[in-house]
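Below: the structure, in structure tokens.
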Amino acid sequence: MMNCLQSWPEPVVRVQSLSESGIRAIPERYIKPPSDRPGFEKQEHVDIPVVDLKNLFSHDHTLHEETLKLISSACKEWGFLQAVNHGISHELMKRTREVWREFFNLPLEVKQEYANAPTTYEGYGSRLGVQKGAILDWSDYFFLHYLPVYLRNPSKWPSLPSSCRDLISEYGAEVEKLCGRLLKAMSISLGLKEDYLQNAFGGEDIGACLRVNFYPKCPQPDLTLGLSSHSDPGGLTLLLPDHDVAGLQVRKNGKWITVKPVPNAFIVNVGDQIQVMSNAIYKSVEHRVIVNSAKDRVSLAFFYNPKSDLLIEPAKELVSEDRPALYSPMTFDEYRLYIRTYGPCGKTQVEFSESNR
């Protein structure tokens, strides 16, 4: 376990322990430059689109088409949507979120048994990126591999609380199915064959992982972020937010909009790989997380990704003389190496892919 901790560029500090120590000022390591700090400016009365999925696979053609149009519009205009009537048990969502809250409330020495290393990121962590001296985010997390099955290792999942491993399996299977349905809907709404995106991801042989985020209470929430601005490097993200405390902010027209979670909804967002495959018809959008002085937050991000060694490039059907390919082919492994080295930093990795064309 100590080897895990020593493999990071500096000793790992658990943010939850800092928060619980009663400090009144956050360490300098967490203070963002003024331009990156959350300005708690007056919020506009605008929110990401809410899409009811109950008609997505309806036999009523008109209702089905209407749902596809709503998904398409949200992916083009926002890169985000909130999905309701998605078919996943609300009770399962609640129990899974609660079991992870219980995990983060376990004694530190129990959690430390799962301490992670930068080689795989799997386990209990407190930083992304391996640059020495980087400004850190105000969060801890637990990261685990779900697909492909040969990477799935339940012995690395928390054994406490005792229901945790079973809930991860049950929840993972349900959100995996929902991601497949959404990918099909996105393919059709882009004018591609319904299995285009799934096949481009690797068919049955795709990647998926779960990152559970814990954002402890922060004495100076105006100086730091729970998660720095970034777009998701993978394919599609399904976020189960904390419905009691807002924290996710999405960038729209240069302004940060705080998402108000709809009860029992999933927040769905387009990742960089779908931006590339759609030749930028669908956009991956910058987002970040703010923290709170009175309450901690737990959220679960399920990342549905292309197989790591497949070349990802714009769909031939979406490339024309008028709209040439904006991105050169690159494997997902090559792509995510960038974010694993530098940590979350805006949309620089997509721009890096575009500039290497």
Contacts of [X] that satisfy salt bridge (charged side-chain N to carboxylate O under 4.0 Å, His left out) - sequence neighbours left out:
X    : answer
D166 : none
K252 : none
K295 : none
D60  : none

- [ ] State whether the number of non-hydrogen atoms from other residues, nucleotides or ligands found under 6.0 Å of E109 atom CD is greater than 12.
- [x] yes
Open item on the list: Can you tell me if H59 has over 12 outside heavy atoms packed within less than 6.0 Å of its NE2?
Closed with: no
Task: Shortest non-hydrogen separation from V319 to P314 and the atoms involved - done: CG2-CB, 3.8 Å
TODO: Kindly work out whether a path of hydrophobic side-chain contacts (I/L/V/M/F/W/Y, heavy atoms less than 4.5 Å apart) joins L81 to L63.
DONE: no
Open item on the list: Tell me every residue that passes side chain to side chain donor-acceptor pair (under 3.5 Å) with K307, counting only those two or more places apart in sequence or in another chain.
Closed with: D309
Hey, does the side chain of [X] reach the backbone of [Y] with a donor-acceptor pair shorter than 3.5 angstrom?
X    : Y    : result
N116 : Y121 : yes
R29  : L136 : no
R323 : N279 : yes

Open item on the list: Once side chain to side chain donor-acceptor pair (under 3.5 Å) is applied, what residue pairs with a partner in residues 71-83 remain, sequence neighbours excluded?
Closed with: S72-Y282
- [ ] Using the side chain to side chain donor-acceptor pair (under 3.5 Å) rule, collect all pairs that involve residues 202-226, keeping only residues at least two apart or in two chains.
- [x] R211-N213, N213-S299
Task: Parallel, tilted or perpendicular, as decided by the 30° and 60° cut-offs, for the rings of W100 and F104 - done: tilted
TODO: May I ask you to check whether E194 and S187 show a side-chain donor-acceptor distance below 3.5 Å?
DONE: no
Task: Distance-only donor-acceptor check, side chains S155 and N153, under 3.5 Å - done: yes
Task: ILVMFWY clustering at 4.5 Å (side-chain atoms), partners of V262 - done: V50, V84
Task: Remaining members of the apolar cluster that contains F303, side-chain heavy atoms under 4.5 Å - done: none
Task: P33: partners by side-chain contact (heavy atoms from CB on, under 4.5 Å), with sequence neighbours left out - done: S35, D36, I135
Open item on the list: Going by ring pair (Phe, Tyr, Trp, His ring centres under 6.0 Å), name the pairs with one or both residues in residues 156-197, residues two or more places apart or in two chains.
Closed with: none
Open item on the list: Strictly by ring pair (Phe, Tyr, Trp, His ring centres under 6.0 Å), give each pair with a member in residues 261-280 just once, sequence neighbours left out.
Closed with: H86-F266
